[in-house]
S.K.: 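One structure is given below, represented as structure tokens, and several questions about it will come after.
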Amino acid sequence: MAPMQNKVICALVLVSMLALGTLAQSQTETCTVAPRERQNCGFSGITASQCVSRGCCFDDSVRGFPWCFHPNTIDIPPEGTTFLYHGF
């Protein structure tokens with residue numbers, strides 16, 4: 001094999017490994033969003049069912065903040081991932 005082919009193969013293997021690592025990490029969404037962090041997902045007068053049909057969260061209990069808002073995305077690391085805790 002020519003040296004250039006070896007470099008291409010190594011690059012493809014590296015890209016594949018990175019892609020698989022990214023796919024192994026799953027995501028979930030939560031409607032637990034602080035009122036000040038809410039990003040509007042609706043329009044004035046939107047109903048709860050209209051909001052939810054857009055894939056958004058609805059909470060009209062806090063005045064002055066969006067009632068229809070985008071959920072937060074939470075990354076869930078793949079099983080077997082270890083985190084180091086540095087107690088502060």
Side-chain angles (χ1 to χ4, degrees):
M1 249 191 247
M4 185 62 166
Q5 287 177 325
N6 288 339
K7 289 180 183 179
V8 170
I9 290 172
C10 288
L12 289 174
V13 168
L14 179 61
V15 168
S16 297
M17 289 174 55
L18 290 172
L20 288 174
T22 301
L23 291 174
Q25 186 173 8
S26 64
Q27 295 181 337
T28 188
E29 293 180 337
T30 180
C31 287
T32 304
V33 180
R36 294 187 189 281
E37 296 176 6
R38 292 179 181 178
Q39 298 294 316
N40 199 358
C41 186
F43 50 87
S44 180
I46 192 168
T47 65
S49 60
Q50 289 171 322
C51 179
V52 171
S53 71
R54 291 174 162 229
C56 300
C57 304
F58 187 86
D59 177 3
D60 61 358
S61 65
V62 184
R63 301 253 178 231
F65 293 96
W67 292 357
C68 182
F69 53 93
H70 295 281
N72 272 345
T73 302
I74 302 171
D75 291 330
I76 301 173
E79 284 188 38
T81 302
T82 305
F83 293 97
L84 297 177
Y85 175 71
H86 302 281
F88 291 103

S.K.: Closest approach of His70 and Cys41, non-hydrogen atoms and distance?
M.R.: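 Where His70 meets Cys41 most closely, the heavy atoms are CE1-SG, 3.5 Å.
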
S.K.: Once side chain to side chain donor-acceptor pair (under 3.5 Å) is applied, what residue pairs with a partner in residues 33-44 remain, sequence neighbours excluded?
M.R.: Arg38-Asp59

S.K.: Just jot down the side chain to side chain contact (heavy atoms under 4.5 Å, CB included) partners of Ser49, sequence neighbours excluded, or say none.
M.R.: Thr47

S.K.: Thr32 and Asn72: which non-hydrogen atoms are nearest, and at how many Å?
M.R.: O-ND2, 3.6 Å

S.K.: Between Trp67 (side chain) and Ser61 (backbone), is there a donor-acceptor pair under 3.5 Å?
M.R.: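 Absent.
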
S.K.: Kindly write out the residues that satisfy side chain to side chain contact (heavy atoms under 4.5 Å, CB included) with Cys57, not counting sequence neighbours, or none if the list is empty.
M.R.: Cys31, Phe69, Pro71

S.K.: Of the non-hydrogen atoms in Gln50 and Gly45, which two are nearest, and what is the gap between them?
M.R.: OE1-O, 4.3 Å

S.K.: Tell me, please, which residues at least two apart from Ser53 pass side-chain hydrogen bond (donor to acceptor under 3.5 Å, both in side chains).
M.R.: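 If we apply the side-chain hydrogen bond (donor to acceptor under 3.5 Å, both in side chains) test to Ser53, skipping adjacent residues, there are no hits.
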
S.K.: Only pairs at least two apart or in different chains count here, so list each salt bridge (charged side-chain N to carboxylate O under 4.0 Å, His left out) that has a residue in residues 61-70.
M.R.: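 For residues 61-70, and leaving out neighbouring residues, there are no salt bridge (charged side-chain N to carboxylate O under 4.0 Å, His left out) pairs at all.
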
S.K.: Taking the SG atom of each, are Cys51 and Cys68 under 2.5 Å apart?
M.R.: yes

